[in-house]
S.K.: 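Sharing a structure below in structure tokens format, with a few things to ask.
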Amino acid sequence: TNTTIPAVNIKETSDNYQVELAAPGMTKKDFKVELDGNKLTISSEKTSHAETRDDEKYSLREFSYQSFQRTFNLQKDVMDIEKIEAKYEHGLLHLLIPKKEEVKQKPPRLIQIS
């Protein structure tokens with residue numbers, strides 16, 4: 001089968017990483033999200049049901065997210081792995097990966113002169 005690799009957006013803010021993976025037609029049970037050190041792996045082992053009826057013939061078929069794996073290297077030792085949140089809605093898998101307090105960019109501090 002043709003496997004389409006879902007598109008991914010990764011946005012880094014001063015407080016967190018935001019990962020969005022576009023995979024419509026799936027459920028949250030289809031995904032496996034794993035963080036190993038600074039390596040984030042998003043994969044799926046969805047089994048597809050080849051439901052092509054005799055009277056159907058595709059000239060192009062690109063909807064196929066059965067099994068894929070995407071791996072990303074995030075900045076080492078900055079993630080607060082205990083507070084990672086993941087949700088799947090409207091065809092998008094959202095991951096919010098907060099940065100540790102000590103690595104967040106602090107706003108400039110005005111020093112009082114005595």
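Starting from 1, each residue takes its place in the sequence as its number.
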S.K.: With clusters defined by side-chain heavy atoms of hydrophobic residues (ILVMFWY) lying less than 4.5 Å apart, directly or transitively, does Leu92 cluster with Phe68?
M.R.: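 The answer is no; the residues belong to distinct hydrophobic clusters.
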
S.K.: Can you check whether Pro6's main-chain N or O pairs, donor with acceptor, with Arg70's side chain at less than 3.5 Å?
M.R.: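 At least one qualifying donor-acceptor pair exists.
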
S.K.: Is there side-chain contact between Ile97 and Ile81, with at least one heavy-atom pair below 4.5 Å?
M.R.: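 Counting from C-beta outward, Ile97 and Ile81 never come under 4.5 Å.
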
S.K.: For the pair Tyr88 (side chain) and Met26 (backbone), establish whether a donor and an acceptor sit closer than 3.5 Å, ignoring hydrogens and angles.
M.R.: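 Side chain of Tyr88 to backbone of Met26: a pair is present.
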
S.K.: Quick one: CD on Glu101 to CG on Asp15, what's the gap to the nearest 0.5 Å?
M.R.: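 Taking CD in Glu101 and CG in Asp15, the distance rounds to 8.0 Å.
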
S.K.: Just how far is it from atom NZ of Lys104 to atom CG of Asn16, taken to the nearest 0.5 Å?
M.R.: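 Spacing of NZ (Lys104) from CG (Asn16) equals 8.0 Å.
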
S.K.: Can a salt bridge be assigned to the pair Lys39 and Glu34 using a cut-off of 4.0 Å between side-chain N and carboxylate O?
M.R.: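 Glu34 and Lys39: not salt-bridged.
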
S.K.: Below 4.5 Å, heavy atoms only, C-beta onward: do Glu12 and Lys99 meet side chain to side chain?
M.R.: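 Heavy-atom side-chain distance check passes, below 4.5 Å.
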
S.K.: Within the supplied structure, the quantity of interest is the number of heavy atoms (other residues, nucleotides, ligands) at a distance under 6.0 Å from Lys32 NZ; does it exceed 12?
M.R.: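 No, not enclosed.
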
S.K.: Any side-chain heavy atom of Thr41 within less than 4.5 Å of one from Leu35?
M.R.: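 No. Closest side-chain heavy atoms not under 4.5 Å.
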
S.K.: Could you list the residues that satisfy salt bridge (Lys or Arg N to Asp or Glu O under 4.0 Å) with Glu85, not counting sequence neighbours?
M.R.: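 Salt bridge (Lys or Arg N to Asp or Glu O under 4.0 Å) check on Glu85 returns nothing, list empty.
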
S.K.: Mind checking the CD1-CG spacing from Ile84 to Leu95? Nearest 0.5 Å is all I need.
M.R.: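 Ile84 CD1 to Leu95 CG: 7.5 Å, rounded to 0.5 Å.
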
S.K.: Can you check whether Val19 reaches Asn9 side chain to side chain, under 4.5 Å on heavy atoms?
M.R.: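 No, their side chains stay 4.5 Å or more apart.
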
S.K.: Is there a continuous path of hydrophobic side-chain contacts, each under 4.5 Å between heavy atoms, that joins Phe72 to Phe31?
M.R.: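 Yes, it is one cluster - the side chains of Phe72 and Phe31 are joined through contacts under 4.5 Å.
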
S.K.: Below 4.5 Å, heavy atoms only, C-beta onward: do Leu93 and Val33 meet side chain to side chain?
M.R.: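 Side chain of Leu93 against side chain of Val33, heavy atoms only: contact under 4.5 Å found.
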
S.K.: Just so I know, are the side chains of Leu74 and Met79 near enough to count as touching, which here means a heavy-atom distance under 4.5 Å?
M.R.: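 Yes; the side chains approach each other to less than 4.5 Å.
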
S.K.: Hey, does Pro98 have a side-chain heavy atom less than 4.5 Å from the side chain of Lys83?
M.R.: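 Sidechains of Pro98 and Lys83: in contact.
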
S.K.: Would you call His94 and Glu89 a side-chain contact if the rule is heavy atoms closer than 4.5 Å?
M.R.: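 The answer is yes; the side chains approach within 4.5 Å.
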
S.K.: Looking at residues at least two apart in the chain, or sitting in another chain, which of them share a ring pair (Phe, Tyr, Trp, His ring centres under 6.0 Å) with Tyr17?
M.R.: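 Not a single residue meets the ring pair (Phe, Tyr, Trp, His ring centres under 6.0 Å) criterion with Tyr17.
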
S.K.: What's the separation between atom OG in Ser67 and atom CG in Asp30, rounded to the nearest 0.5 Å?
M.R.: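 One gets 11.5 Å once the value is rounded to the nearest 0.5 Å.
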
S.K.: Do Ile10 and Val78 sit in the same hydrophobic cluster, where Ile, Leu, Val, Met, Phe, Trp and Tyr count as joined when their side-chain heavy atoms come under 4.5 Å apart?
M.R.: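 Yes, same cluster.
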
